[in-house]
Student: 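Here's a structure for you.
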Amino acid sequence: MFEGAAEIVIQGTTATGEKFRPSDWAERLCGMMSVFGEDRQLSYSPYLKPVTIGGTNCVVADCQLEAIDGPAWKFLMSFATDNELTLRPGRTVKRPDPAETP
């Protein structure tokens, strides 16, 4: 979609510049792929993160998700398109995995 991007950012701003509602949409969207860890705690998938950028709720989607779970990726992109949300490239280098950091 965005050549060279390791991540895609779905911004909570519509094509008309309005704030997307409900205000917790990013958490809800990321919640669809939440998993229980070994500690039996629910946590977000490493491929989707709700973030706030410049006061706007966003979802950062790791582009690896497209290869790992094509239907989930398609759902995300359809959600963004259907709701006329702004998409932009994120990082070009994958974030370091905290589990791999010494």
Student: Output yes when a side-chain donor or acceptor of Thr86 lies under 3.5 Å from a complementary backbone atom of Thr13, and no otherwise.
Tutor: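 Looks like yes, one N/O pair under 3.5 Å.
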
Student: Would you mind listing the cluster partners of Val35? Hydrophobic ones only (ILVMFWY), side-chain contacts under 4.5 Å, chaining allowed.
Tutor: none

Student: Let me see the working for Trp25 and Val59 under side-chain contact (heavy atoms from CB on, under 4.5 Å), right down to the final yes or no.
Tutor: CA-CA 9 Å; Trp25 72 270; Val59 170; 3.6 Å; yes

Student: So which atom in Gly90 and which in Val9 form the shortest heavy-atom distance, rounded to 0.1 Å?
Tutor: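 Where Gly90 meets Val9 most closely, the heavy atoms are CA-CG2, 3.9 Å.
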
Student: To the nearest 0.5 Å, what is the distance between CD1 on Ile68 and SG on Cys63?
Tutor: 11.0 Å

Student: Apply the hydrophobic cluster definition, ILVMFWY joined by side-chain contacts under 4.5 Å directly or through others, and give me every member besides Tyr44.
Tutor: none

Student: Which atom names give the shortest non-hydrogen contact between Met33 and Ala72, and what distance separates them?
Tutor: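 Heavy atoms only, the tightest pair is SD-CB, 3.9 Å.
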
Student: Salt bridge (charged side-chain N to carboxylate O under 4.0 Å, His left out): which pairs involve residues 78-89, sequence neighbours left out?
Tutor: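 Residue pairs passing salt bridge (charged side-chain N to carboxylate O under 4.0 Å, His left out), neighbours aside: none found.
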
Student: Applying side chain to side chain donor-acceptor pair (under 3.5 Å), can you list everything that pairs with Thr14, at least two apart in sequence or on another chain?
Tutor: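 If we apply the side chain to side chain donor-acceptor pair (under 3.5 Å) test to Thr14, skipping adjacent residues, the hits are Thr16.
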
Student: For the pair Asp62 (side chain) and Gln64 (backbone), establish whether a donor and an acceptor sit closer than 3.5 Å, ignoring hydrogens and angles.
Tutor: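 Between the backbone of Gln64 and the side chain of Asp62 there is a qualifying donor-acceptor contact (under 3.5 Å).
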
Student: Which atoms form the tightest heavy-atom contact between Leu42 and Ser34, and what is the distance?
Tutor: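 Of all heavy-atom pairs spanning Leu42 and Ser34, the closest is CD1-CB, 3.7 Å.
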
Student: How far apart are the closest heavy atoms of Ala5 and Pro89, and which atoms are they?
Tutor: CB-CB, 3.9 Å

Student: Measuring from Lys74:NZ to Thr81:OG1, what's the distance to the nearest 0.5 Å?
Tutor: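 One finds 11.0 Å between NZ of Lys74 and OG1 of Thr81.
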
Student: Walk me through it: do Leu85 and Phe79 pass the test side-chain contact (heavy atoms from CB on, under 4.5 Å)?
Tutor: CA-CA 8 Å; Leu85 298 177; Phe79 177 87; 3.7 Å; yes

Student: The criterion is side chain to side chain donor-acceptor pair (under 3.5 Å); which residues satisfy it with Asp69, sequence neighbours excluded?
Tutor: none

Student: If you look at every heavy atom in Asn57 and Ser23, which pair is closest and at what distance?
Tutor: ND2-O, 2.7 Å

Student: Any chance you could lay out the side-chain contact (heavy atoms from CB on, under 4.5 Å) test for Ile8 and Leu76, step after step, and finish with the verdict?
Tutor: CA-CA 10 Å; Ile8 301 294; Leu76 283 174; over 6 Å; no

Student: Using every non-hydrogen atom in the two residues, find where Leu87 and Ala80 come nearest and quote the distance to one decimal.
Tutor: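 Answer, listing the atom of Leu87 first, then Ala80: CD2-CB, 3.8 Å.
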
Student: My understanding is that only residues two or more places apart in sequence, or in another chain, count here; which of them pass salt bridge (charged side-chain N to carboxylate O under 4.0 Å, His left out) with Arg28?
Tutor: Asp24

